[in-house]
**Q** 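Dumping the structure here so I can ask a few things about it.
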Amino acid sequence: NQDSWHGETMLRHRSGHLCDVRLVVCKVKDSAGQTANYIVTFADLSQTKKIHDELHHLATHDNLTDLPNRRLFLDRLDQGLRRARREQRQLTIFFIDLDDFKGINDDFGHHVGDEILRQAGSRLLGAVRDSDTVARLAGDEFTVIADSPHEEAAAIQSKIAACFAAPFDVGDRMIKVLASVGAATYPDDGENIESLMQCADQSMYETKARRKGATAATPNKFQPYSEGLYFPSELRLAIRRPSKGWWFPT
């Protein structure tokens with residue numbers, strides 16, 4: 001309509017800060033049909049935008065640690081793989097699983113377990129670069145996405161494991177918690193999300209088995225891949241989606 005315009009823009013409030021507004025501009029014509037004036041109306045969208053951003057954050061972040069959740073992890077992994085393919089670069093993902101975490105919840109209570117998970121998330125953020133993604137997948141499972149070549153993966157994996165060396169200070173308790181770390185690098189260990197996830201998960205369980213002094217036959221317990229891709233956590237169930245394709249939230 002040539003007699004009106006509407007859209008979203010930004011206006012400066014008299015206090016000096018910018019506001020998101022929805023603007024409507026309408027022509028006012030005189031008796032001869034000529035434009036005499038304009039009527040401008042606007043609605044402040046700042047609160048609506050704020051609520052939208054908060055809801056999006058809640059949908060894409062873990063409410064305990066405030067780290068990216070499974071949805072945002074999968075979205076960033078998909079974007080990272082696309083970028084790695086385009087730029088012919090490598091990308092490494094790390095699976096981190098806290099050892100015997102159920103025992104901590106049973107012995108000390110879930111409030112202690114929750115505090116350890118929060119501190120574990122902070123430690124992981126401090127162990128990697130700002131450009132890397134640290135996410136909490138489900139329960140006591142974390143992951144890291146790093147734009148790193150295969151030869152750097154071992155050093156990063158060591159840094160991740162080392163951040164669990166010190167005991168966790170929870171109230172009046174000092175609780176020792178170790179973590180098993182597995183890694184998979186694109187494209188050496190897989191060229192898509194499913195194969196990389198499977199490889200990283202298997203690597204993590206092999207690490208856990210070695211640390212527990214498992215026999216040679218034990219790792220088979222952690223490799224139920226012959227009947228199709230299977231992961232026991234929420235994430236592992238989530239990636240067993242129908243063949244219609246992946247869905248990532250916007």
Side-chain angles (χ1 to χ4, degrees), residues 61-74 76-77 92-108 110 112-128 132-146 148 153-168 170 175-185 189-190 193-215 218-225 229-240:
H61 287 75
D62 172 54
N63 61 1
L64 179 65
T65 63
D66 204 38
L67 294 173
N69 63 11
R70 171 175 53 82
R71 285 184 175 182
L72 186 53
F73 164 76
L74 290 174
R76 289 189 180 176
L77 179 55
T92 303
I93 61 171
F94 302 88
F95 270 22
I96 303 102
D97 184 85
L98 304 191
D99 295 340
D100 302 318
F101 189 73
K102 182 179 182 301
I104 292 174
N105 281 330
D106 292 342
D107 293 342
F108 302 107
H110 287 275
V112 172
D114 287 349
E115 179 58 25
I116 288 175
L117 291 174
R118 281 189 285 266
Q119 291 186 31
S122 296
R123 290 187 183 190
L124 287 169
L125 285 173
V128 300
D132 298 333
T133 293
V134 179
R136 182 190 176 205
L137 305 184
D140 60 336
E141 296 176 336
F142 296 84
T143 192
V144 173
I145 305 173
S148 302
I156 297 174
Q157 187 167 342
S158 295
K159 287 183 179 179
I160 292 172
C163 77
F164 291 90
F168 287 80
V170 184
I175 302 174
K176 184 70 174 178
V177 181
L178 297 178
S180 298
V181 186
T185 298
D189 300 318
I193 289 178
E194 293 92 335
S195 58
L196 278 174
M197 298 286 284
Q198 176 178 344
C199 185
D201 192 71
Q202 182 173 349
S203 172
M204 183 267 291
Y205 273 117
E206 288 173 349
T207 299
K208 189 180 293 287
R210 285 195 301 270
R211 292 178 57 194
K212 291 184 177 181
T215 63
T218 302
N220 292 329
K221 174 183 178 183
F222 305 119
Q223 301 176 30
Y225 303 120
L229 186 59
Y230 169 77
F231 297 87
S233 74
E234 179 187 0
L235 171 69
R236 295 159 192 151
L237 293 174
I239 69 172
R240 297 180 66 193

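Values below: every heavy atom of this structure, side chains too, minus hydrogens, waters and symmetry copies. What you see is a predicted model, and the numbers here were worked out from it, not measured in a lab.
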**Q** Out of curiosity, Leu137 CG to Leu74 CG, how far, rounded to the nearest 0.5 Å?
**A** 8.0 Å
**Q** Can you find a heavy atom in the side chain of Thr133 that is under 4.5 Å from one in the side chain of Val144?
**A** no
**Q** Might you point out which heavy atoms bring Arg76 and Pro68 nearest each other, and give the distance in Å?
**A** NH1-CG, 3.8 Å
**Q** Does the cation-pi check pass for Arg123 over Phe142, that is, NZ or CZ under 6.0 Å from the six-membered ring centre and within 45° of its axis?
**A**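 Cation-pi check for Arg123 and Phe142: fails.
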**Q** Strictly distance-based, threshold 3.5 Å: is any side-chain N or O of Ser203 a donor or acceptor partner for the main-chain N or O of Ala183?
**A** yes
**Q** Going through the checks in order, is the side-chain contact (heavy atoms from CB on, under 4.5 Å) test met by Asp140 and Leu117?
**A** CA-CA 7 Å; Asp140 60 336; Leu117 291 174; 4.2 Å; yes
**Q** Going by salt bridge (Lys or Arg N to Asp or Glu O under 4.0 Å), name the residues that satisfy it together with Asp99, two or more places apart in sequence or in a different chain.
**A** Lys208, Arg211
**Q** Do Val181 and Met204 pass the side-chain contact (heavy atoms from CB on, under 4.5 Å) test, and can you show the C-alpha distance, the side-chain angles, and the key distance before you say yes or no?
**A** CA-CA 5 Å; Val181 186; Met204 183 267 291; 6.0 Å; no
**Q** For residues Leu67 and His61, determine if any side-chain heavy atom of one lies less than 4.5 Å from a side-chain heavy atom of the other.
**A**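 No; the side chains remain at least 4.5 Å from each other.
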**Q** Please report the closest heavy-atom contact between Thr185 and Ala153, naming both atoms and the distance.
**A**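 Scanning both residues completely, I find the closest heavy atoms to be OG1-CB, 4.3 Å.
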**Q** Between Asp106 and Lys102, is the closest basic N to carboxylate O distance under 4.0 Å?
**A**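 Looking at Asp106 together with Lys102, the answer is yes, because their closest N to O distance falls below 4.0 Å.
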**Q** Can a donor-acceptor pair be found, under 3.5 Å and without considering hydrogens, that links the side chain of Thr143 to the backbone of Phe94?
**A**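 Pair found, side chain donor or acceptor close to backbone of Phe94.
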**Q** Measure from the side-chain N and O atoms of Glu141 to the backbone N and O of Ile96, and report whether any donor-acceptor pair falls under 3.5 Å.
**A** no
**Q** Rounded to the nearest 0.5 Å, how far does SG of Cys163 lie from NZ of Lys159?
**A** 11.5 Å
**Q** With heavy-atom distances below 4.5 Å as the criterion, would you say the side chains of Met197 and Phe95 are in contact?
**A** yes
**Q** To the nearest 0.5 Å, how far apart are CG in Leu98 and CD1 in Ile116?
**A**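 Interatomic distance, Leu98 CG to Ile116 CD1, rounded to 0.5 Å: 8.0 Å.
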**Q** Starting at CD1 of Ile93, measure out to OG of Ser148 and round the result to the nearest 0.5 Å.
**A** 12.5 Å
**Q** Identify the heavy atoms of Ala200 and Ala184 that sit nearest to each other, and give their distance.
**A** N-CB, 3.6 Å
**Q** Any sub-3.5 Å donor-acceptor pair from Asn69's side-chain atoms to Leu72's backbone N or O?
**A** yes
**Q** Find the distance between CD (Gln119) and CD1 (Ile175) and round it off to the nearest 0.5 Å.
**A**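 Separation between the atoms: 9.0 Å.
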**Q** Gly113 and Phe101: which non-hydrogen atoms are nearest, and at how many Å?
**A**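 It is O-CZ, 3.3 Å.
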**Q** Can you find a side-chain donor-acceptor pair between Gln202 and Gln198 that sits under 3.5 Å?
**A**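 No, Gln198 and Gln202 have no side-chain donor paired with an acceptor closer than 3.5 Å.
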**Q** For Gly121, does its backbone N or O pair with a side-chain atom of Thr65 as donor and acceptor, under 3.5 Å?
**A**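 Pair absent, no side-chain N/O of Thr65 close to backbone of Gly121.
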**Q** So, for Ala120 and Phe168, which heavy atoms are closest and what is the spacing to 0.1 Å?
**A**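 For Ala120 versus Phe168, the nearest heavy atoms are N-CE2, 3.7 Å.
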**Q** From Glu194 CD over to Cys199 SG, what is the distance, rounded to the nearest 0.5 angstrom?
**A** 13.5 Å
